[in-house]
Amino acid sequence: MPELPDLQVFSKNLVKTFVGKTLKTVSVRNKKKLKVSVSKLKRSLEGQKLLDIRRVGKELHFEFSGGEILGLHLMLRGKLVKFEVENNAKYTIVELLFADDTGLAMTDFQGQANATLNPEPRDAPDAMSREMNLAFLKDQLSKSKAIVKNVLLDQHIIRGIGNAYADEILWDARISPFSVSNKIPEFGVKALLRSIKRVLQKAEKSILKNHPNIISGEVRDFMLVHNPKTESSPTGAPIQVKSAGSRKTYYTREQKLFK
DNA sequence: AGAAATGTTGCGCT
DNA sequence: AAGCGCAACATTTC
């Protein structure tokens, strides 16, 4: 559910509540997606101090004093819930209980949200990182015949952009989501890069301002085109919708189609 | 009360 | 063979 800007704000808010605390117990209520044994997870993390929480792509990384990292991925419907002493949330996947009896649970009624111990570092740069620059984007687009929206969404190429923000970014850059990646000229790639950074940065600021303590859910009321309640873009063009499965692409004729 | 929404994986088709 | 489209995940929330 949440996308990069939401997760970025969650990580900041979680830092305020939990960093510096010592983990008393980690409990796994649903181990379908857990790739290590529960005993190894407990051995690695329990008794360790939480040093930092960072967003990496669409994951949240909890860094502990022993050097181990717990990665949480909320997938489509995962939620984070704070609790005291006892976690009564339904559909809990994992729960962290700290020494002061405050805790954090990750829940998901679909059972898709997952936890990883020491997630593998990936080559693909985070959308907000310095490595995500013009040279990189140009290179990636030049070697792909896929439509540009699919490149933005491909977590093996760029980490962190989801369906809704991909539409917002492409509208901001005035590039059609159906443009063929290797046909986009340099000025288009530049615009796209600027829009990636601008749209994500603006969204993060807005979420932080309007939902200063949020650690769950998603905020998308400010979205300009990826928004079923809106009929036209700020510049007056009717918004078109194309469905692919259950996911939708929102766009307008203002966006240039390179093919 | 029925539709809609988000991400990832894996499979089949072109 | 790269790239697309779909199904599955299974319940909540609007």
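To the nearest 0.5 Å, atoms NZ (A:Lys183) and CG (A:Leu141) are separated by 13.5 Å.
Residue-level contact check: A:Lys149 touches neither bases nor backbone, having no heavy atom under 4.0 Å from any strand. Note on A:Gly162: only backbone sugar-phosphate atoms sit closer than 4.0 angstrom, heavy atoms only; bases stay farther off.
Between A:Arg247 atom CZ and C:dG5 atom P there is a gap of 11 Å when expressed in whole angstrom units. Atom CG in A:Leu76 sits about 4 Å away from atom C1' in B:dG7, given to the nearest Å. B:dG7 atom C1' lies 12 Å from atom CZ of A:Arg220, rounded to whole Å. Rounded to an integer number of Å, the gap from OH of A:Tyr91 to P of C:dA10 is 11 Å. One atom, CZ of A:Phe109, and another, P of C:dT11, lie 8 Å apart when rounded to the nearest Å. With rounding to whole Å, A:Lys143 atom NZ is found 17 Å from C:dA1 atom C1'. Atom pair A:Leu153:CG and C:dG5:P shows a separation of 12 Å (rounding to whole Å applied). Going from atom CD of A:Gln155 over to atom P of B:dT8 covers 4 Å, rounded to whole Å.
Of the candidate nucleotides C:dA10, C:dC4, C:dT12, C:dC4 has the atom nearest to the side chain of A:Ile147. Taking only side-chain atoms of A:Lys248, from C-beta outward, the nucleotide of B:dA4, C:dA10, B:dG7 with the closest atom is B:dA4. Out of B:dT6, C:dC4, B:dT8, the shortest distance to the side chain of A:Met75 is found at B:dT8. The listed nucleotides are C:dT12, C:dC9, B:dG7; the one nearest the side chain of A:Lys90 is C:dT12.
We find that A:Asp101 and A:Lys24 are joined by a salt bridge, their nearest charged nitrogen and carboxylate oxygen being less than 4.0 Å apart. A salt bridge links A:Asp126 to A:Arg55: at least one charged side-chain nitrogen sits closer than 4.0 Å to a carboxylate oxygen.
For the OP1/OP2 pair of C:dG3 and a distance below 4.0 Å, the side-chain nitrogens and oxygens of A:Asn150 include no atom meeting the criterion. The side chain of A:Lys79 places no N or O atom within less than 4.0 Å of a non-bridging phosphate oxygen (OP1 or OP2) of C:dT12. OP1 or OP2 of B:dT8 has at least one side-chain nitrogen or oxygen of A:His73 nearer than 4.0 Å.
Nucleotide C:dG3 has B:dC13 as its partner under the Watson-Crick or G-U criteria, with both atom distances under 3.5 Å.
Ranked by how close their nearest DNA chain C nucleotide is to the 5' end, A:Lys229 and A:Lys33 are led by A:Lys33. Between A:Lys145 and A:Ser243, the residue anchored nearer the 5' end of DNA chain C, judged by the nucleotide with its closest heavy atom, is A:Lys145. The 5' end of DNA chain B is approached more closely, in terms of each residue's nearest nucleotide, by A:Pro228 than by the other of A:Pro228 and A:His156.
B:dG2 and C:dA10 have their C1' atoms separated by 16 Å, given to the nearest Å. Nucleotides C:dC6 and B:dA4, compared at atom P, are 15 Å apart to the nearest Å. Comparing B:dT6 with C:dC14, their C1' atoms sit 15 Å apart, to the nearest whole Å.
Between the side chains of A:Glu46 and A:Thr25, no donor N or O sits under 3.5 Å from an acceptor N or O.
Ring centroid separation for the pair A:Phe18 and A:Phe62 does not come in under the 6.0 Å cut-off.
Of the candidates A:Lys82, A:Lys21, A:Glu84, A:Thr102 forms a side-chain hydrogen bond (donor to acceptor under 3.5 Å, both in side chains) with just one, namely A:Lys21.
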